[in-house]
Amino acid sequence: MELPTADGVSAPLPGRCAFYVEKKNRYCKMIVGSGKAYCGEHANAEKDCEKKRIPCPLDPKHTVFEELLAKHLKKCNSREKPKPVFYVQDINAGPAIDEDTPNDEVPLSDRSKAELDLLIEKLKTGVKGFKCKHEERIQSHPALHEALNDPKNGDSAFKHLKQQASLLGNMEDLHLLGPNRCFVEFGAGKGKLSHWIHVALKAYDDIHFLLVERSSTRFKVDGKHQNADTKFERLQVDIQHLDLRKVPLLQEKGLPVVGVGKHLCGAATDLALQCLLGSSETAPHGIEGQPPSKRSKLQQQPGESTGTELEPIPRAAGETAAGRELRVGGVAIALCCHHRCDWRHYVGKEFFKERGLGASEFAAFLRMSSWATCGLRQARQTSPPQGQTDQTFEEEEHEATEEAELDSLKGVLNAEDREHIGRLCKLLIDQGRVHFLQQKGFDSRLLYYTSTDVSLENVLLTALPASR
C-alpha cells in the first residue's frame with residue numbers, strides 16, 4: 001500500500017506538527033521539538049502529554065503551558081502596554097451619550113414603502129442645491145511612471161498604483177507636495193501612499209511622515225526609508241485617541257501638517273478630520289500667524305511652486321513645545337465605506353440638523369449609501385484575472401454591503417433608482433464634511449480622482465486654507 005505524500009495536506013511535512021487543522025484543510029506547519037509529534041500549541045492532542053496547555057487569559061486565540069502562565073503573562077504580546085504620550089482617551093470622539101441617537105436601528109427591509117418614500121423625500125430635500133456629480137480630476141504623477149509601466153504588476157497592483165498616482169497628481173495641483181511640512185497618513189496600512197509621496201519629494205529636505213495605524217502591519221514599505229534623511233514614524237494608535245499636538249516630532253519641528261489617506265473607512269474619516277481640526281488649538285496654516293499665501297490655493301495654477309511657503313511655526317518666547325498649536329496646511333483623503341460611519345463621530349451633525357435631519361435619518365442613509373455600488377460590484381464579481389494574488393480583492397472589503405436587504409427591495413425600487421439614491425446618500429454625508437471644513441476656515445471640495453472601473457469608491461475630499 002502506497003503511503004500518502006508528506007505534502008502537509010495528505011500527511012504532515014517532515015519535522016512539522018501532526019495536528020490536522022480542519023479550518024485550513026491541511027496539517028499544522030509548526031516545527032516540533034526533538035522526539036515530539038506535535039508543536040507546543042497542539043501539545044494537548046498528544047495522548048502522553050505530561051504538561052497541560054490552557055488558553056491565554058489575555059487572548060484565548062493562543063495557548064500556554066499552565067505551569068508557565070505567570071511567566072507568559074509578563075511577556076504576552078496581548079498584555080496592556082503603557083500608553084504613548086500622544087494617547088488621549090476619546091479626544092477625537094463625539095459625545096458618548098447623545099439625546100438624538102435612536103435606541104434601535106430599523107433595517108430597511110423592515111420598513112414599509114411609505115417609510116422608504118418619506119426617507120427618500122427627506123434625502124432629496126437635503127441635497128437640494130448640490131450638484132449630483134463631482135468634477136472629474138483623474139491625474140498621474142511622474143514618480144509612479146516606472147511602476148505603472150512595470151509588466152510584472154498584476155491587475156490589482158496596477159489599480160492601486162493608478163489611484164496613488166492620481167492622488168499625488170491632485171495633491172501637486174493643490175500645491176500640497178513640497179518641503180517644510182509633515183504628512184500624516186491616516187489608516188496607513190503598509191504605508192504605500194507615504195512611500196510614493198516620499199519618492200515624489202526625494203529632492204527636498206525637511207519632509208517628515210507620521211503613519212497612523214491602530215493595528216500592527218506586516219510588509220510595511222516605510223522600512224525602506226529608515227536610513228534616509230526623511231523621518232518616517234509609525235503611531236500605532238486608534239485615530240479616536242490620537243492627539244497630534246503631543247506627538248514629539250511635531251512638538252520639536254513645529255511643522256505644519258498635511259492630512260492624507262487612501263480609502264479611509266467610514267467613521268475613520270470623521271475621526272481624522274477631528275484629529276486635525278477638532279481642537280480649539282488648531283488653525284488653518286495661513287489664517288493665523290504667517291500666511292502661506294493671500295489667495296486661495298484652489299485658484300493657483302498647476303505647476304506654480306509653493307514648496308517653500310509652508311514654514312515651521314516659530315515658538316514664542318516662554319512657549320512650551322506642548323503648548324504649540326497645530327497648523328494644518330491641507331487635506332486630501334480618498335473616501336469610502338459610508339455605511340460604516342457613526343453618528344457619534346460624524347463631523348457634519350450641524351449640517352444635518354440645519355436640514356431638519358437627525359441621527360435616525362443618518363442611520364437610514366448609511367444603509368442606503370451602499371446601494372450606490374451594489375449593482376456595479378455584482379457585475380465585477382467574476383473570477384480574478386490571471387496573475388492576481390490573495391490581495392486582489394482588498395478593496396472589496398471596503399465595499400461590503402448588506403446585500404440581504406437588497407432582495408427584499410427589488411419589488412419597491414429598481415436597480416437604477418437604488419444606485420441613484422445611494423449616491424445621493426454619499427453626497428449628503430460628504431457635504432456635511434465639506435461644511436465642517438468650511439466652518440474651520442478651509443476651502444473644501446469633492447472630486448472624482450479615478451474611474452469606477454479602477455475603484456467604485458472614487459471620491460476625493462480636499463481642503464486648503466481659505467484666503468483672507
Side-chain angles (χ1 to χ4, degrees), residues 84-86 88 91-92 167-168 171-172 174-186 188 191 193-213 222 225-226 228-235 237 239 242-261 272-293 297 305-333 437 440-442 462-466:
V85 293
F86 47 78
V88 179
I91 186 172
N92 302 315
L167 285 171
L168 263 66
M171 289 176 66
E172 186 167 62
L174 297 173
H175 308 287
L176 291 177
L177 295 182
N180 303 318
R181 66 202 70 187
C182 178
F183 294 92
V184 182
E185 183 180 357
F186 294 97
L193 180 56
S194 292
H195 163 75
W196 288 115
I197 293 174
H198 176 256
V199 171
L201 299 175
K202 60 185 177 182
Y204 295 100
D205 296 323
D206 207 12
I207 303 167
H208 301 276
F209 295 87
L210 293 175
L211 285 72
V212 183
E213 178 59 59
D222 42 296
H225 308 292
Q226 293 305 321
D229 295 333
T230 301
K231 185 174 181 61
F232 277 74
E233 183 177 338
R234 277 197 173 257
L235 308 180
V237 62
I239 305 170
L242 172 60
D243 187 348
L244 281 175
R245 295 167 300 160
K246 295 186 177 182
V247 175
L249 173 65
L250 295 179
Q251 290 181 345
E252 176 189 346
K253 297 288 185 179
L255 293 170
V257 300
V258 176
V260 299
L273 295 178
Q274 285 283 5
C275 182
L276 291 166
L277 301 164
S279 170
S280 59
E281 296 182 27
T282 61
H285 188 54
I287 290 186
E288 296 178 19
Q290 299 177 352
S293 177
K297 296 287 200 273
S305 174
T306 60
T308 59
E309 294 177 347
L310 294 184
E311 297 296 336
I313 307 162
R315 188 183 301 181
E319 181 188 14
T320 63
R324 182 185 291 174
E325 71 179 18
L326 181 70
R327 298 295 182 91
V328 180
V331 176
I333 295 175
L437 288 162
K440 295 292 183 177
F442 284 77
T462 67
L464 295 170

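The analysis underlying the following values was restricted to heavy atoms, covering all of them including side chains, and did not include hydrogens, waters or symmetry mates.
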State, with a plain yes or no, whether a side-chain heavy atom of [X] is found less than 4.5 Å away from one of [Y].
X	Y	value
V212	I239	yes
V260	L193	yes
H195	D222	no
I91	R245	yes
R181	V257	no
K246	Q251	yes
M171	I197	yes
L277	L326	no

Where do [X] and [Y] come nearest, in terms of heavy atoms and distance?
X	Y	result
G329	P465	O-CD, 3.3 Å
G259	I333	O-CG1, 4.3 Å
E185	S194	OE1-OG, 2.5 Å
W196	L168	O-CD2, 3.3 Å
H208	L255	CD2-CD1, 3.3 Å

Find the distance between [atom1] ([X]) and [atom2] ([Y]) and round it off to the nearest 0.5 Å.
X	Y	atom1	atom2	result
K231	H198	NZ	NE2	13.0 Å
K440	L276	NZ	CG	11.0 Å
L177	I207	CG	CD1	9.0 Å
L210	E233	CG	CD	5.5 Å
C182	L249	SG	CG	5.0 Å
L235	L244	CG	CG	7.5 Å

(message) If you apply the rule side chain to side chain contact (heavy atoms under 4.5 Å, CB included), what do you find for F186 with L211, and how did you get there?
(response) CA-CA 6 Å; F186 294 97; L211 285 72; over 6 Å; no
(request) Applying side-chain contact (heavy atoms from CB on, under 4.5 Å), name anything that partners V85, two or more places apart in sequence or on another chain. (result) P248
(request) Go through the structure and list residues passing ring pair (Phe, Tyr, Trp, His ring centres under 6.0 Å) with F209, not counting sequence neighbours. (result) F183, F232
(message) Determine whether L464 and L176 satisfy the following criterion, side chain to side chain contact (heavy atoms under 4.5 Å, CB included), listing intermediate values before the conclusion.
(response) CA-CA 9 Å; L464 295 170; L176 291 177; 3.4 Å; yes
